[in-house]
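FYI, side chains are in, hydrogens and waters are out, and symmetry mates aren't considered; it's all heavy atoms of this structure. Every chain is numbered from 1, with letters handed out A, B, ... down the list of sequences. From a predicted model like this one, the values you see are computed outputs, not experimental measurements.
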Amino acid sequence: MKKIFTTKKLSYLIATLFLVFNYGCQPDDENLPEATFPNIADVFIDSFSAGLQYAAFGTSKVTAFDVDSDITFQGDLAMRFDIPNTNDPEGGFAGGVFTTGVGRNLTDYNVLTFYARASKGETINQIGFGLTFEGETFRTQVNGIQVGTAWQKYFIPIPNSARLTQERGMLWIAEAADDGSSYQLWIDEVKFENLNTIILESAQILNGADQVTAASAGSTITIDGTSATYNLPSGVLQSLTTTAAYFDYISSNESVATVDELGVVSVLSDSGSSIISATLNGLEADGSITFMDVDASGNVDDSANTEIMLPIGFESSTLAYNPVEFGGAPSAVAANPQVGGLNNSNNVLRTQKVTGSETFAGMIMDLDVSVDFSGSEQVTALVFAPEAGTTVLLGFEDGAIGQASQVSATATTTVSNQWQELTFDYTGTTNPATSYNRMVLIYNNGTPGDDSVYFMDDIQLTDGDGGGGGGGDNLLINGDFEQGMTVWEGNGFNVQTDGGNSFNFVDVATAGDPFAVNLSQRGLDISDGDTFTLTFDASTDAATGSRTMIAGIGLFEAPFTNQAMEVTVTDVTQTFTIELTANFTSTDSRVLFDMGADTGVLVIDNVILELNDGGGGGGGDNELTNGDFEQGMTVWEGNGFNVQTDGGNSFNFVDVATAGDPFAVNLSQRGLIINSGETFTLTFDASTDAATGSRTMIAGIGLFVAPFTNQSMEVTVTETTQTFTLELTADFTTTDGRVLFDMGADTGVLVIDNVSLVQN
Amino acid sequence: MKIKNVISKSIAFAFIAIAMLSCNDDEGSSIGLTNLNLVFEDDFNGEAGAAINSEFWNFDIGTGQNGWGNQELQYYTDRPENVSLDGQGNMVITARRENFQGSAFTSARINTRDKVEQQYGRFEARIQMPGGRGVWPAFWMLGSNIETEPDDDPATIAWPFVGEIDVTEMRGQEPFRTIGSIHGPGYSGGGAISGELDLEDERFDTEFHEFAIEWSPDFIDYFIDGIRFNRITKDDIPNGADWVFDDQPFFILLNVAVGGTFVGFPVDSTPLPQQMIVDYVRIYEIAN
């Protein structure tokens with residue numbers, strides 16, 4: 001019964017040593033009759049199941065495994081691991097693989113279950129299935145399960161059992177004692193089951209990150225960072241590490257990139273864009289990778305400029321770019337550390353945050369021309385940082401005023417030592433009256449320097465044309481057709497360029513079905529009930545005069561469900577804005593233009609599809625409860641919390657007798673989740689009485705506890721009720737923030753009502 | 001807790017299971033009261049995010065005394081984040097992990113006190129339950145003259161003397177099990193008279209089920225999806241104890257508690273937020 005095989009020396013970190021054999025994924029090109037594999041569920045019940053073998057990891061204590069007839073969950077035998085002392089000269093851990101010689105068909109099952117107990121409470125390092133010494137295409141593992149001294153059932157879900165048509169890896173385990181001293185671990189009743197009580201809650205590729213990278217023809221990238229989270233029958237979540245081969249992949253543009261069954265992406269073209277996303281058992285996985293068009297001419301060339309202004313590419317040999325460091329972050333124009341990919345230009349801005357620097361060390365650089373945010377309040381820049389997760393703070397201010405005039409935004413890198421485009425969003429924070437003639441740049445604000453070197457290039461406002469986006473991101477690629485014949489498709493896809501502007505051009509000779517002449521962009525993730533704003537410019541020529549077309553969103557495949565409208569275009573270019581609510585769900589939805597029902601020229605340009613935020617028009621939800629005090633003495637607090645009711649309306653009323661510290665008379669509502677950098681609109685009505693005439697108070701948001709950091713303003717109230725609207729940008733992060741009214745600095749009556757806090 | 005009766009069955013094979021049961025009172029059958037008149041119904045129709053109908057429902061707000069008597073951890077609110085219509089004909093109570101008013105969780109509890117009350121009849125609701133370790137949903141009833149604040153008013157009666165009927169409550173770590181209980185003097189809290197029903201290879205937090213009781217003088221029948229799984233009668237309560245279910249009308253409560261002595265406490269891996277999705281609540285009277 002006891003079967004122990006020692007094998008070639010293997011590392012504890014198995015993944016690094018195994019070659020992946022694509023068995024099970026190779027085409028059956030000799031037309032052999034399809035082999036059938038047994039669908040045996042039992043792995044170890046009272047003995048090794050048919051064909052099961054055990055082989056220990058070479059560096060483990062290879063004698064650690066045995067079977068036990070004394071301690072079993074039920075039946076005659078259980079598996080027992082004598083986990084060694086971690087300093088055991090024969091091996092400091094126990095572990096190995098249970099495999100079958102012939103693969104099993106596990107497509108009828110969705111989970112591997114077993115019972116376990118231990119001689120003391122322990123954390124099992126790694127346990128899973130799908131690992132053999134010949135391959136690990138479908139390896140799974142759960143890390144850190146807790147085993148106690150009583151038998152308990154455990155679950156290792158099969159992420160996508162359709163894949164396991166001939167799996168040989170039934171169970172594997174690697175375990176070292178938590179505290180270094182030996183103990184015994186029993187495992188029994190190991191079998192595959194099909195349970196309805198295991199719920200897939202979420203899945204991830206690329207650790208859930210949405211990566212953007214340069215498309216480089218001929219390169220391959222393997223999808224990693226794959227995992228899934230399950231709701232177990234015990235009502236708790238459990239994370240499962242999987243291989244990429246369990247997922248189904250979608251390329252939004254297979255002419256640019258394709259993905260095979262193992263999650264290996266092959267980049268086919270430098271031009272064009274493609275988004276790679278994935279599903280697991282039909283559930284859309286978090287994370288994606290977008291391959292962007294690589295075009296040298298796409299980099300900012302400011303070499304002919306006579307003034308320093310956005311866009312800045314650091315390419316001029318005559319302009320005096322003058323980065324000035326503060327706090328220990330020397331900065332200068334330097335050579336591009338990695339020419340190619342997203343950045344083919346020669347010169348970039350180099351910043352080194354030196355060891356021992358201030359946490360806020362960075363640089364400022366004056367501009368000859370102020371940034372004009374009137375067309376766009378978003379700036380993009382290319383960043384090259386040594387680590388993913390580097391935060392990049394980019395701000396603009398009036399150099400004559402300084403920080404008080406500053407708008408700033410932070411973006412975070414998701415790749416290391418690679419150019420990446422980051423977007424800095426100043427929406428709603430810029431002031432048209434301010435001259436933004438100075439740029440401020442801080443890497444990893446809040447962290448002391450460690451001599452790391454960072455690079456930035458191609459600082460530019462996002463394309464504001466296309467009219468009045470004002471928030472939201474365009475879900476479309478090449479919506480302005482400037483990238484030429486890419487991403488869009490359909491027999492009506494025909495990009496022409498005139499006077500430096502590219503657009504889509506069709507001339508319909510014969511009227512027919514609307515869809516007979518069509519233009520689409522697919523690969524859009526649209527869910528039933530989502531609302532979108534579709535914006536585009538369209539016109540016809542003078543000869544046509546006017547004609548109709550259909551524009552909307554819909555399914556790319558049958559039944560072609562869609563939400564679309566007919567519009568009439570004339571020989572004057574109009575911007576059409578259509579609000580659409582999806583009545584379908586698909587990750588391969590499309591924007592569609594059906595143009596075949598009418599004859600004549602049709603020019604389409606600057607297509608933007610934006611997902612509308614839930615709040616909509618009226619603007620955001622009030623973060624506060626009982627903001628109108630109609631619920632009486634609830635939720636608010638402070639010695640200045642005193643609700644009175646008059647004529648059916650309730651409000652907060654104080655009458656301060658003696659002036660003192662502002663906070664000596666205070667009213668707060670706490671429990672607010674506020675993150676640094678978030679902007680809020682605080683609105684409230686306030687007044688005093690005729691006897692007081694006028695008085696001041698302080699209103700704002702802040703921490704409820706020391707150091708009581710806050711963003712607040714003094715306002716003057718009169719006997720006429722005024723509505724005050726304060727725009728506040730948090731400079732603190734808390735889950736117990738508050739709205740505050742400090743009323744103690746001035747005497748007299750103060751009535752406050754209808755308090756609303758809305759995150760912008 | 002005294003378990004009067006435990007029945008394990010698969011809904012799909014209900015009739016096969018029935019054949020193997022050896023229960024009293026036709027348990028496992030759909031036989032119940034036949035002379036019923038619908039007297040109250042809330043289908044929770046309305047726009048997504050809209051408030052529930054205040055003609056029928058009251059909100060309990062806050063943390064009560066000692067976590068509503070059970071060391072529960074949530075702060076009950078009337079915010080739409082915690083209780084609102086979903087626009088698809090359901091009312092949703094959502095338990096969230098968020099700091100609020102000094103509590104680590106928020107949720108909602110609603111009741112029909114002084115608005116919709118009824119003695120005897122059928123009380124039913126179609127619900128997709130929440131789950132998750134430490135989450136404790138309930139569809140239950142209390143006697144209408146319950147004393148909510150200690151007072152000397154003889155017209156109000158303290159719990160458990162007032163009586164409590166739990167149509168269903170669930171421990172989120174046992175999402176396969178519904179528990180139906182009654183509480184009264186001498187049989188309250190851990191000593192409540194209960195019956196359980198376990199789903200086989202299914203979970204109450206993945207699909208809707210109809211939970212109901214039929215309350216007659218001297219006994220209460222418990223139903224799941226039209227199948228009766230338990231009857232609690234005067235004979236089931238301790239000798240000498242008072243049967244307090246023939247004295248007054250009761251009102252309905254729906255809530256999702258988080259933590260507490262009955263369910264234990266949530267852990268980091270408890271999936272939150274959790275939703276109790278209620279399709280309808282109906283009350284029938286027994287016709288003469």
Self-check item: Minimum heavy-atom distance between B:Phe105 and B:Leu272, given as atom pair plus value
Solution: CE2-CD1, 3.5 Å
Practice problem: Could I get the full list of side chain to side chain donor-acceptor pair (under 3.5 Å) partners for A:Asn110, not counting sequence neighbours? | Solution: none
Quiz prompt | Residues forming a side chain to side chain donor-acceptor pair (under 3.5 Å) with A:Arg670, sequence neighbours excluded | solution = A:Asp736
Quiz item: Under a 4.5 Å heavy-atom cut-off, does chain A meet the side chain of B:Asp268, its backbone, both or neither?
Solution: neither
Quiz item: Between A:Thr625, A:Leu672, A:Val635, which has the largest tally of heavy atom pairs under 4.5 Å with chain B?
Solution: A:Val635
Exercise. Drop me the distance from A:Leu195's CG to A:Tyr109's OH, to the nearest 0.5 angstrom.
Key: 12.0 Å
Practice problem: Measure distances from B:Arg79 to the heavy atoms of chain A and classify the residue's part below 4.5 Å as side chain, backbone, both or neither. | Solution: side chain
Quiz item: Can you tell which of B:Asp201, B:Val267, B:Thr77, B:Thr270 has the highest number of heavy-atom pairs within less than 4.5 Å of chain A?
Solution: B:Asp201
Exercise. Pick one of side chain, backbone, both or neither for A:Gln631, based on which atoms fall under 4.5 Å of a heavy atom in chain B.
Key: side chain
Quiz item: Which heavy atom in B:Glu169 sits nearest to a heavy atom in B:Phe262, and how many Å separate them?
Solution: CD-CZ, 3.8 Å
Practice problem: Report the option among B:Gly131, B:Gly62, B:Pro271 that has the most heavy-atom pairs separated by less than 4.5 Å from atoms of chain A. | Solution: B:Pro271
